Asks: 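Pasting a structure below so you can have a look.
From a predicted model like this one, the values you see are computed outputs, not experimental measurements. The figures that follow rest on heavy atoms only: side chains count, while hydrogens, waters and symmetry mates do not. In what follows, chains are A, B, ... by sequence order, proteins preceding strands, each numbered from 1.
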There are 2 protein chains.
Amino acid sequence: MPNLARALGSGGHLLIARAQVPTVTNVNNASILTGVSAATHGISGNRYVGPDGEESELNRPEALRADTILATARQAGVSTLAVTAKEKLRPLISAGGVPAVSAERADDQVANGAGPATAAEVLGEPAPDVYDPALSLYALDLALALSERLGARLVYCSLSDFVAHKAGPGEPLAQSFYGAIDERLGCMLDDGWRVGLVADHGMNAKSGPDGTPNVHYLVDVLEEAGLPARVLAPIADRYVRHHASLGSIAFVYVDDPEALPAARSALAALPGVEAVLDRAAAARAFQLPRDRIGDLVVCADSVTVLGTSAEEIDLEQLSGTLRSHGGLHEQEVPLVICHPLAEDVPSEHDLHNADLYDLLLNRTVS
Amino acid sequence: MPNLARALGSGGHLLIARAQVPTVTNVNNASILTGVSAATHGISGNRYVGPDGEESELNRPEALRADTILATARQAGVSTLAVTAKEKLRPLISAGGVPAVSAERADDQVANGAGPATAAEVLGEPAPDVYDPALSLYALDLALALSERLGARLVYCSLSDFVAHKAGPGEPLAQSFYGAIDERLGCMLDDGWRVGLVADHGMNAKSGPDGTPNVHYLVDVLEEAGLPARVLAPIADRYVRHHASLGSIAFVYVDDPEALPAARSALAALPGVEAVLDRAAAARAFQLPRDRIGDLVVCADSVTVLGTSAEEIDLEQLSGTLRSHGGLHEQEVPLVICHPLAEDVPSEHDLHNADLYDLLLNRTVS
């Protein structure tokens, strides 16, 4: 990554920051976009159980309880643009009327203010498949092309973690992917952009030596214990080939409130389960919105994932072994600012990925 | 509390903030004094296991890894003063040469710069006993008298939680105690002080219906499982009548690293244990210094406490039933600013007790 190396060599910073738990896409994109915790912005997972008891994707702009930095800048007259690889994020990043497109749907989406041409037409090539590693590169190319057309001064571009799910650090797929990202970074820096990079979450291998995932199916575990419960996997989304809806955190809703202590014991006894916190403790410990998490929040260790039921999860969806996220062990993320920083930067220990825009907008020195 | 009510009625704010885990005295006093997390300031308990493997009080100024706000202000030429009810805190609050006395030792301590008279002589009355509820009131009186004598412009005064350990909200002892605190608050406000109040941690009853504590002795539990381990209670300090060294969090050091998974299972199986996190997960989840916590961090629910061994803990030390803290359920604390605030205050969900001085110094409007 020669362009990244050049930026770091001339005063840029590579820092380690902390992601919001659950360490999944929607939660942490919301954190980065709003600069606040999930307790404040309200996005507690990729999916949630709503007040009506129905499970749905948690990605509507109305679900956000805090304004995004882009929306606030736009309201102040700054030209903004948000691009995402995955369509599932587009509603969230468009909150407050920010022009937003997804690479996934570039063939039929028009960025607000970018004329009658579709995003794909602006770029001059059709969008890759959602499981194509090139989707993220296409998103970066869209960000470059559309911001020029819109005269955008504040841009957000969210990539897909498909490659990180499928390849470990140093593997050929990862190497070529990051090399291609670095080319786009070079274009941005050459165009005079002020660039920050951060991950929404980390990633860990979740399989045993034989290649099969270390998984507990919590609906099954609780049913066997005579404790009927509903289980929501905050990682679950429409991109099942990434993770088969298996991550290292789960929300449990117990049918009978009296059964809570028994359910807690049954879950805590599972090997690889590190924490079974009740709603109040979890909300405080992880800064989560109390009304959008389970009666119990179950956290697995770094190599274990939690799913709903064996019947519901189709491991065949996984191509290759399982690498996933969602829990406490995917909190550590890199945060790069490609420019010198003023001295009053928070200690790395206290840095969150949600601090990205603050660092970029308020702490860089030119 | 008429003076508090008056302040809140004329633009003051009563907010709910979040304490640092472990929710014990030294950790949170360090947070309030430095404005940063324990991962940065380094104070992970009232006691700790040092690099030499020895257990000791974690209260030396050299143990602090961040400057206190008082020390920084003092270095900038501001006259400062720190007063604590309990002597155990004095070394920490005096970091950076801040004049500091404890009510507990007022009979023979002289505040740096406050002349040859002892603190008790300045006040004109001897210090109360360390288990006397009046100790905290005496500390407030010392803060008032000594800051006048020193011309102090930035003051910290830390009280004892003895009354909160011994009486629940609304009980006569609590009522009269808070009434007496309110009188001192009135004096400060009348003298034109800008005052903020915050708790270092919450407090919960930890006993069953029969009045005996819900306690697990972790050394005993692990010994029975054939897993020799050392256990440190971060709440432990010299004031045993407060809590008998029983709090809702424990650090476990396993003799044989291979035994870690087995130890985790044995601890997770205990009723009332909510989380058994390994060092990495705990450090990230709770923003703790990795080198000053256990191989495992064990968190109990709101009504359960964790101790070392039945042999070591003397429940007779407790006068009355056990009320204690230390865990995830004592994170919620009140934070009061007795003055109007500017609009750019963080959401209550993201407020920490460590934000007190920032709010007071940077966000109040006069």
Asks: For chain A, which of B:Ala269, B:Ala268, B:Ala285, B:Ala283 has the most heavy-atom pairs under 4.5 Å?
Replies: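 Option with the greatest count: B:Ala285.
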Asks: Is A:Val21 in contact with chain B via its backbone, its side chain, both, or neither, using a 4.5 Å heavy-atom distance?
Replies: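 For A:Val21, neither part sits under 4.5 Å from chain B.
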Asks: Below 3.5 angstrom, are there any donor-acceptor pairs between chain B and chain A, and if so, which atoms and how far apart?
Replies:
| unit_1 | atom_1 | unit_2 | atom_2 | d |
| --- | --- | --- | --- | --- |
| B:Arg18 | NE | A:Arg284 | O | 2.7 |
| B:Arg18 | NH1 | A:Gln287 | OE1 | 3.0 |
| B:Arg18 | NH2 | A:Arg284 | O | 3.2 |
| B:Arg18 | NH2 | A:Ala285 | O | 2.8 |
| B:Ser37 | N | A:Asp350 | OD2 | 3.0 |
| B:Ser37 | OG | A:Asp350 | OD1 | 2.3 |
| B:Thr40 | OG1 | A:Ser347 | OG | 2.8 |
| B:Thr40 | OG1 | A:Asp350 | OD1 | 3.4 |
| B:Thr40 | OG1 | A:Asp350 | OD2 | 3.3 |
| B:Arg264 | NH1 | A:Glu274 | OE2 | 3.2 |
| B:Arg264 | NH2 | A:Asp301 | OD2 | 2.6 |
| B:Glu274 | O | A:Val276 | N | 2.7 |
| B:Glu274 | OE2 | A:Arg264 | NH1 | 3.2 |
| B:Val276 | N | A:Glu274 | O | 2.7 |
| B:Arg284 | O | A:Arg18 | NE | 2.7 |
| B:Arg284 | O | A:Arg18 | NH2 | 3.2 |
| B:Arg284 | NE | A:Glu332 | OE1 | 2.7 |
| B:Arg284 | NH2 | A:Glu332 | OE1 | 3.4 |
| B:Ala285 | O | A:Arg18 | NH2 | 2.8 |
| B:Gln287 | OE1 | A:Arg18 | NH1 | 3.0 |
| B:Gln287 | NE2 | A:His349 | O | 3.4 |
| B:Gln287 | NE2 | A:Asp350 | OD1 | 3.2 |
| B:Arg290 | NH2 | A:Glu332 | OE1 | 3.3 |
| B:Asp301 | OD2 | A:Arg264 | NH2 | 2.6 |
| B:Glu332 | OE1 | A:Arg284 | NE | 2.7 |
| B:Glu332 | OE1 | A:Arg284 | NH2 | 3.4 |
| B:Glu332 | OE1 | A:Arg290 | NH2 | 3.3 |
| B:Ser347 | OG | A:Thr40 | OG1 | 2.7 |
| B:His349 | O | A:Gln287 | NE2 | 3.4 |
| B:Asp350 | OD1 | A:Ser37 | OG | 2.3 |
| B:Asp350 | OD1 | A:Thr40 | OG1 | 3.4 |
| B:Asp350 | OD1 | A:Gln287 | NE2 | 3.2 |
| B:Asp350 | OD2 | A:Ser37 | N | 3.0 |
| B:Asp350 | OD2 | A:Thr40 | OG1 | 3.3 |

